[in-house]
Amino acid sequence: MSLFLPRRAGLVFAVLTGSWKRLGWKLVVLMSVWGSSCAHTQPWVEIPHFQNTHKNYRIGIAGVYDVNQFDFADVMLDEMERRRVFSCVELTPDLAEPDCDYVIRGNFGFYQVSTKNAFHYTSIYFLGLPLLLGLPNTNSDGGMDINFEIYHKGELLKTYEYRDIFRDQRSYLTVWPATSLDAELRRMVHLLLRDMWRDLFGYRGAA
Amino acid sequence: MIRPGCRACFLLLLLLGAAWMSGCTSLPPTARRDALFNQRQYPEIRKQAVDDLAVLGQYERNGRVDGTVESATREYDAKYFDMAEEVRNLAPQAYFDMARVSLAVGRYTDAIRAAQNAIGSGASFLEGDEWVLLRILSLRENHKVLYESYLYCGNLDKAVAHHRQYLLINDLVNSMPFKKVMASLLRIRMTSMRLRSDYLERKAGSTRNQIVIAALMVAAAAGGASNNNQHNNSTSTLRALQAAQMAQIGILAIALLEDYKQELKAQLNIDLAQLMRQAADLNRLPKPTTADIRRAKMASGIYMTARISNPANTLNQAELSDLKKQSDQGKEMVSLFIDKQGRVHISGNLGELVALSKRIDEVPLRLPPPPDEGVDAYLDTYLTPGLYRMAGLQMSADEKKFFDRLVRRGGQDFVIDPAQAESQIALQGLHKMMQKTTEFQSWIVDR
Amino acid sequence: MIQRTFIALWLVCAAGCATNLQKADRLMRLGRFADARRFYQTELDQQRRLAELPRWTGREYQDQFNALNSSRAILGVGNSHKDEGRRDAALYHYSYFIQFSLRHRLDSDREIKAIEEWIRDSGIAAPATEVGLRTLFPSTKRVSTSAAVSPDFKADPPPVPPKTVVRPQKPEKKASTPAASQKLARSIDREDEKPKKTTDEYDNADSFVNW
């Protein structure tokens, strides 16, 4: 096709193909790399090994409260049901619920604040233009401190505490959602399930 | 075609992006050790903790912190609440990190010392009302470390006392009045972080404006002096504004935190400062009761394992008798002799000792499951201090590998030269094996 | 005139004919419990989202949820479950309501009394919501005779005259745990209880309130 184009148009065509396309792709890769960093102190634990344990346990959730005493038990319930770890997970206010093998209660504190980073301050001197390239300029700093209590027939059996401090780097071009309380809580639930499996069900696979 | 210069630029930026993606580099410095702990990078944690402890010299007596403090990783300006929190928590956090690393590798006495230091430094650096959240959380985690460390050292009384403190503080943290404290302090922390960031942004903008103005007026020689004045005026206005905001945070902190004392007094009838003083007074902890001992034992890992154990896998009487016979011969299995050069000569059946040690390691994992009724009798029979000491003398992976290699080599005589790198592993492992045999002998007597 | 009418109409359309709570209350009166619950739950979800993170006002972070509306929404969800005969769900939300009211020091005595009466009349076992470790704390009602209480913690006398409280009867539970002496000390000192002041109504093991 380029044989039929005039010479100047050929130059224009070369701009849109070849090296500039490669440049464009590199920029996209770079921007996605910049925009996708998110650091947590606690890992995201996958729970594939739960598949082989006995699931004959009934778990009660007696509330997962934040500092303002709002209940986020539905998030924990949803996450546990999604993982299909136990035969039954239900909400109950009774720590000595006779129908449940274990009752879990959680209390947590969560904070998240957006601050600017050095890239942003430096970009101010360049009238903010570098930020248009997707340079990460916002730190979303935050943390969650959570404490789970496991009750067995009304007796406190064990407590688990987790602290996750995170920093989410975002740019003006980052389209996916930032770290949220919901995501953090699910991360904590995974940690709890990992440790409950180790301590309460374990490799013995007790029925 | 991309020019080589641009290509190098992009590669550099790609590397930067990769570094960003690695995650750990972008965490706040105080959180980095948490991430390393989860990755089990213990030597690196120790190194960073020791570096952080070096800032102690910058504090005045009684832990007064003023102005700017430099640690190994960054500079802290104590007038910002969130930075003041971090800098005051440097020493307690460093000690705690060393404590939990020591606990994780089985060095219980080191863990005890470090946790005690953490509590002591928390008492001095986190004394004020505004640091109560950090102090309470620090007390909670250190008492937990102390509980586990004393337990596996076999000191049940102290372990139980610390476990009780841990439960008490845990209870307090989950209480309604304390939630009010936590909510207030989190808001203050967030406000401080945001104000600091906004200030730095405005400062950069103001500096940029000044630079632009100076550049525009560079041709006018008379603009030099007035530029300086404008820059100073702008900067000092900003500083004054920020000082007012920081003062506001201080007032906010005091006003919000004043409520919690009333709440705690009204609902729980406790004085938080007194409670923390008592929790930090490690030599005068309340004497544990029977219920405390029961709770402490039932919260231990050994009890948890026994609860879910397979009854078919329990040690039966025949196995226990066999183990008893072997352990009676334990002292005669190997003999030690130290020569004039300080080298340790081991002669005897090391292989048998190693095998016996491995079997004794299984004992805490193969206890019978506890009954539903009469748990006290079970706890008194099986979960004695001797059993915990036995469990605490588990050999590390390095020690196991070392002795397996030695046994595979065969022979009856070995020489350990303290000058060699592996001598510590050898001597510690040997000590653990022999100590474990002694503990097992005293534990098995009553069974 | 036309402009004012237009503005008034626009305001009405923007605000809606009623708030979520008002709509839900209206539906409850009509007996449409599931629909009412939907509006209560919407209000509760909104308040919960607002409470997740404080709002930046330009000078500080401020809480932006309305505690009173939230408590009414929680209570409304509980009532809707109760009226539909779902006792467990109702009990869960009542427990949540009481804890929330305590946390925010809302004046909910009337509602809490009504809940207690319902529990008593319907013969439901009051759920155990106590942590069970409260004897580690001194309290105005404690005579400090329990061995679990540290002798170092001394109980101060109550600052206000105490009130007698009728407690719902707790039915006997099958002992699925070791003997009663091994139960955590929430049941200790029940016989030694003195009459309590208002906030202590909910500090007792018989109540399903967690402070």
Side-chain angles (χ1 to χ4, degrees), chain A residues 18-19 22-23 26-27 29-34 36-43 65-69 105 107 109-117 120-122 124-125 127 136 139 141-143 145 147 149 155-159 161 163-167 169 198-202 204-206, chain B residues 1-2 6 10 13-14 16-18 20-28 30-32 34-35 37-39 133 137 140-141 144 166-167 170 173-174 176 179-180 182-183 186-187 189-191 193-194 196-198 200-201 203-205 207-208 211 295 298-299 301 304-305 307-310 313:
Chain A
S19 59
R22 282 200 295 275
L23 195 69
K26 279 186 183 163
L27 204 60
V29 165
L30 211 59
M31 275 159 37
S32 61
V33 158
W34 278 337
S36 63
S37 66
C38 175
H40 291 254
T41 53
Q42 294 282 3
Y65 300 107
D66 72 346
V67 288
N68 291 309
Q69 210 68 18
R105 181 163 64 185
N107 288 283
F110 175 79
Y111 75 96
Q112 188 173 17
V113 58
S114 292
T115 55
K116 298 299 180 197
N117 65 2
H120 182 89
Y121 304 136
T122 311
I124 289 173
Y125 294 97
L127 306 175
N139 287 335
D141 283 292
D145 244 294
N147 177 283
E149 294 158 351
E155 302 269 342
L156 176 65
L157 189 60
K158 196 141 170 85
T159 57
E161 302 100 41
R163 177 181 302 154
D164 183 34
I165 299 175
F166 59 86
R167 175 175 282 175
Q169 308 270 1
R198 182 197 64 209
D199 290 336
L200 302 178
F201 316 122
R204 311 271 183 207
Chain B
M1 200 165 67
I2 307 173
C6 279
F10 270 108
L13 290 169
L14 198 62
L16 269 177
W20 227 288
M21 281 264 312
S22 69
C24 271
T25 53
S26 74
L27 278 172
T30 45
R32 225 167 275 152
D34 276 351
F37 186 79
N38 288 320
Q39 294 164 18
L133 176 65
L137 296 179
R140 183 178 71 173
E141 54 199 11
K144 191 172 188 186
Y166 161 72
L167 289 178
N170 210 33
V173 167
N174 295 332
M176 302 285 190
K179 283 193 176 191
K180 197 166 169 178
M182 197 188 272
L186 289 178
R187 275 171 47 202
R189 184 189 293 171
M190 290 165 70
T191 304
M193 289 166 82
R194 181 66 183 262
R196 180 160 43 85
S197 173
D198 289 353
L200 289 172
E201 195 178 355
K203 190 171 157 192
T207 312
R208 176 205 58 201
I211 291 172
R295 275 187 222 126
M298 287 171 77
M304 290 284 156
T305 307
R307 268 186 89 247
I308 58 168
S309 63
N310 188 352
N313 200 27

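Given the structure is predicted, the values throughout are model-derived calculations rather than measurements. Per chain, numbering begins at 1; letters A, B, ... match sequence-line order. Atom set for the values below is all heavy atoms of this structure, side chains included, hydrogens, waters and symmetry mates excluded.
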Run the side chain to side chain contact (heavy atoms under 4.5 Å, CB included) check on B/Leu186 and A/Phe110 step by step: do they pass? CA-CA 8 Å; B/Leu186 289 178; A/Phe110 175 79; over 6 Å; no

Applying side chain to side chain contact (heavy atoms under 4.5 Å, CB included) to B/Asn174 and A/Glu149, what does each step give before you reach the verdict? CA-CA 10 Å; B/Asn174 295 332; A/Glu149 294 158 351; 2.8 Å; yes

Within-4.5 Å side-chain heavy-atom neighbours: A/Asn107 and B/Lys179: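 Heavy-atom side-chain distance check passes, below 4.5 Å.
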
Counting heavy-atom pairs under 4.5 Å to chain A, which of [options] comes out on top?
| options | answer |
| --- | --- |
| B/Asp198, B/Val173, B/Leu200, B/Asp34 | B/Leu200 |
| B/Arg189, B/Arg194, B/Glu201 | B/Glu201 |
| B/Arg208, B/Met304, B/Glu141 | B/Arg208 |

If I measure from the heavy atoms of chain B, does [X] come under 4.5 Å with its side chain, its backbone, both, or neither?
| X | value |
| --- | --- |
| A/Asp164 | neither |
| A/Gln112 | backbone |
| A/Thr122 | neither |

Check whether B/Ser197 reaches the backbone of B/Met193 with its side chain - one donor and one acceptor, N or O, closer than 3.5 Å.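 Not at all, since once roles are kept as given, no pair shorter than 3.5 Å links the two residues.
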
Carefully, step by step, assess A/Glu161 and B/Lys144 under the rule side chain to side chain contact (heavy atoms under 4.5 Å, CB included). CA-CA 11 Å; A/Glu161 302 100 41; B/Lys144 191 172 188 186; 3.7 Å; yes

Under the salt bridge (Lys or Arg N to Asp or Glu O under 4.0 Å) test, residues paired with B/Arg140 that sit two or more places apart: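 For B/Arg140 there are no salt bridge (Lys or Arg N to Asp or Glu O under 4.0 Å) partners, ignoring immediate neighbours.
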
Is it the side chain or the backbone of B/Tyr166 that comes within 4.5 Å of chain A heavy atoms, both, or neither?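 Contact with chain A: side chain only.
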
